[in-house]
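Here the structure comes first, spelled out in structure tokens, and everything after it is commentary.
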Amino acid sequence: MEICYTFRMRYSKLFGKTIKDAPKDEVAVNAKLLLRGGFIDKLMTGSYTLLHLGRRVEQKIEQIIREEMNATGAGEILMPLLHPKEIWNEAGRWDTAREIMYQFEKDGKEYALSFTHEEIVMDLIRKHVASYKDFPVKIYHFSTKFRDEKRAKSGILRGREFLMKDLYSAHVSEEDMMKYYDEIKKVYIKIFKRMGLDALLTQAGGGVFTKNFTHEFQVIADSGEDEIIYCPKGDFCANVEVKTEEEKCKLCQTPLKKAKAIEVGNIFPLGTYYSEKMKVNFTDKDGKRQPVWLASYGIGLTRAVGAIVEVHHDEKGIIWPKEVAPYDVHLIHIEDPTTEKFVKEVNDTLEKNGIEVLWDDRETVSAGAKFADADLIGIPVRLVVSKRNADKIEFKERKSDKSELLGLEEVIKRLG
Ligand code: ATP
Ligand code: MG
């Protein structure tokens with residue numbers, strides 16, 4: 001996958017190095033490993049900087065989502081984060097969502113920081129779309145969301161400021177809305193699979209958005225804040241918030257299981273709730289005004305980074321799935337003047353072949369410390385150039401204990 005900047009980074013030049021101990025107040029595995037690995041920095045509770053490595057993982061996740069969104073015909077936009085009170089009053093959420101929204105006054109005018117964008121999208125549709133011929137509308141963006149989270153203890157799984165992809169679709173009928181909604185269910189499962197997450201399509205309640213059902217995408221993990229009840233054969237899954245009484249799967253009679261899980265996505269068939277309140281109508285074939293059918297679809301990007309770490313790690317550190325790893329290869333040079341030319345050749349050849357390299361070029365650091373850092377950072381493949389290996393390269397996958405000595409050509413072939 002292509003990200004339009006450097007294919008290689010020298011570890012000595014990297015901003016955000018590994019650290020020995022995570023801050024004592026961090027309890028979540030994702031936060032501890034991401035902080036220690038130099039992926040994130042903590043500004044305050046629920047507020048993190050994505051350092052270079054963390055940003056690269058997030059960008060890869062973003063690119064997977066972008067590709068899959070575009071494939072459904074959706075178009076990328078970018079909406080503002082600062083919203084006037086009036087727009088939030090139209091559907092009544094200035095008051096009903098007050099607890100979670102950051103609201104403030106400046107020079108006699110009231111504002112909120114974005115915690116979602118349904119109202120803004122409705123306003124856009126009201127201004128830019130008039131006829132049934134203009135539908136369906138499918139727009140999405142990647143942006144920061146602000147939520148006054150009272151229990152921000154799960155590292156980047158629950159930020160007070162976090163990145164979300166939100167897609168909105170608007171339609172002329174319920175049937176058309178549900179057709180796209182059902183398509184997105186499948187697309188989401190594919191998106192999560194590509195980033196190394198087995199997400200379960202889960203029945204859930206409506207929360208602040210809607211009184212009807214919604215669907216969540218839950219990843220089983222002990223650190224999850226949600227609890228799900230599911231059929232191990234995959235026929236059924238629900239958030240315990242909406243289903244607690246059943247013991248057997250209705251479809252196959254298998255006893256249901258319970259597990260802790262992380263909600264990585266949520267989709268909402270909102271219907272005409274917002275369009276009726278905000279008077280967002282279109283003209284149908286017979287010239288009649290009709291309310292627009294709206295659905296919204298969220299994925300937490302920074303939460304996904306944390307969920308991947310929760311699922312893919314061992315006692316030494318993170319084990320990134322290939323498609324979201326910050327770099328493809330962690331190249332370690334065990335300092336020695338006789339191998340300097342060779343390590344440069346390896347690095348150049350990898351780059352020419354489109355392979356992204358994090359090259360640990362530090363001179364005063366021991367081999368053992370470099371290996372420990374590579375295990376902590378979790379790039380899928382480690383390559384070692386050393387005097388002992390001569391013109392061969394030690395090739396080791398992060399997830400395996402075995403290493404092999406290979407020639408440069410063979411290394412390129414394996415990584416292709
Ligand atoms: P939760 O129940 O975990 O508080 P939510 O149901 O309120 O989340 P949604 O409004 O459904 O969240 O937001 C869509 C997605 O955004 C979620 O599925 C999740 O992946 C992500 N998300 C929500 N809140 C946060 C947060 N505080 N930090 C990081 N990601 C979040
Ligand atoms: Mg949700």
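These values consider heavy atoms only, across backbone and side chains, with no hydrogens, waters or symmetry-generated copies. All values reported here derive from a predicted model rather than from experimental measurement. Order of appearance sets the numbers: ligands from 1, and atoms from 1 within every ligand.
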Should the proximity of V264 to ligand 1, defined as any heavy atom under 4.0 Å, be assigned to the side chain, the backbone, both, or neither?
->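 It is the backbone that gets close, since no side chain atom is under 4.0 Å.
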State plainly whether the residues E118 and R93 are in salt-bridge range, i.e. N to O under 4.0 Å.
->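 Looking at R93 together with E118, the answer is yes, because their closest N to O distance falls below 4.0 Å.
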Hey, does the side chain of S47 reach the backbone of L43 with a donor-acceptor pair shorter than 3.5 angstrom?
->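 No, because the side chain of S47 does not come within donor-acceptor range (under 3.5 Å) of the backbone of L43.
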Protein N/O/S atoms under 2.8 Å of the Mg ion (ligand 2)?
->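 Only E263 OE2, N266 OD1 fall inside 2.8 Å of the Mg ion (ligand 2).
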Could you list the atoms of ligand 1 found under 4.0 angstrom from a heavy atom of [X]?
X	value
E149	24 (N), 26 (C), 27 (N)
M164	13 (O), 14 (C), 16 (O)
G159	26 (C), 27 (N), 28 (N), 29 (C)
G300	15 (C), 16 (O), 20 (O), 21 (C)

Just jot down the salt bridge (Lys or Arg N to Asp or Glu O under 4.0 Å) partners of D286, sequence neighbours excluded, or say none.
->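 Here no residue qualifies.
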Answer yes if the side chains of S223 and E310 hold a donor-acceptor pair under 3.5 Å, and no otherwise.
->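 The answer is yes; a qualifying pair exists.
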Say whether R56 and Q59, considering side chains only, have a donor N or O and an acceptor N or O under 3.5 Å apart.
->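 Absent: no donor and acceptor within the cut-off.
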Is the shortest distance from a heavy atom of L163 to ligand 1 less than 4.0 Å?
->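 L163 does not count as a contact of ligand 1 under the 4.0 Å cut-off.
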Closer than 4.0 angstrom: is that true for some heavy atom of F115 and an atom of ligand 1?
->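 The answer is no: ligand 1 sits nowhere under 4.0 Å from a heavy atom of F115.
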Counting heavy atoms not belonging to K85, are there more than 12 under 6.0 Å from its NZ?
->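 Yes, NZ of K85 has more than 12 neighbouring heavy atoms, counting only those of other groups under 6.0 Å.
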Can you say whether the rings of F217 and Y188 are parallel (under 30°), tilted (30 to 60°) or perpendicular (over 60°)?
->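 Because their plane-to-plane angle lies in the 30° to 60° range, the rings of F217 and Y188 count as tilted.
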Is any side-chain heavy atom of P232 closer than 4.5 Å to a side-chain heavy atom of T254?
->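 P232 vs T254: side chains touch.
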From atom 7 (O) of ligand 1, work out which of R160, E225, Q218, R147 has a heavy atom at the shortest distance.
->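 Going through R160, E225, Q218, R147 one by one, R147 has the nearest heavy atom to atom 7 (O) of ligand 1.
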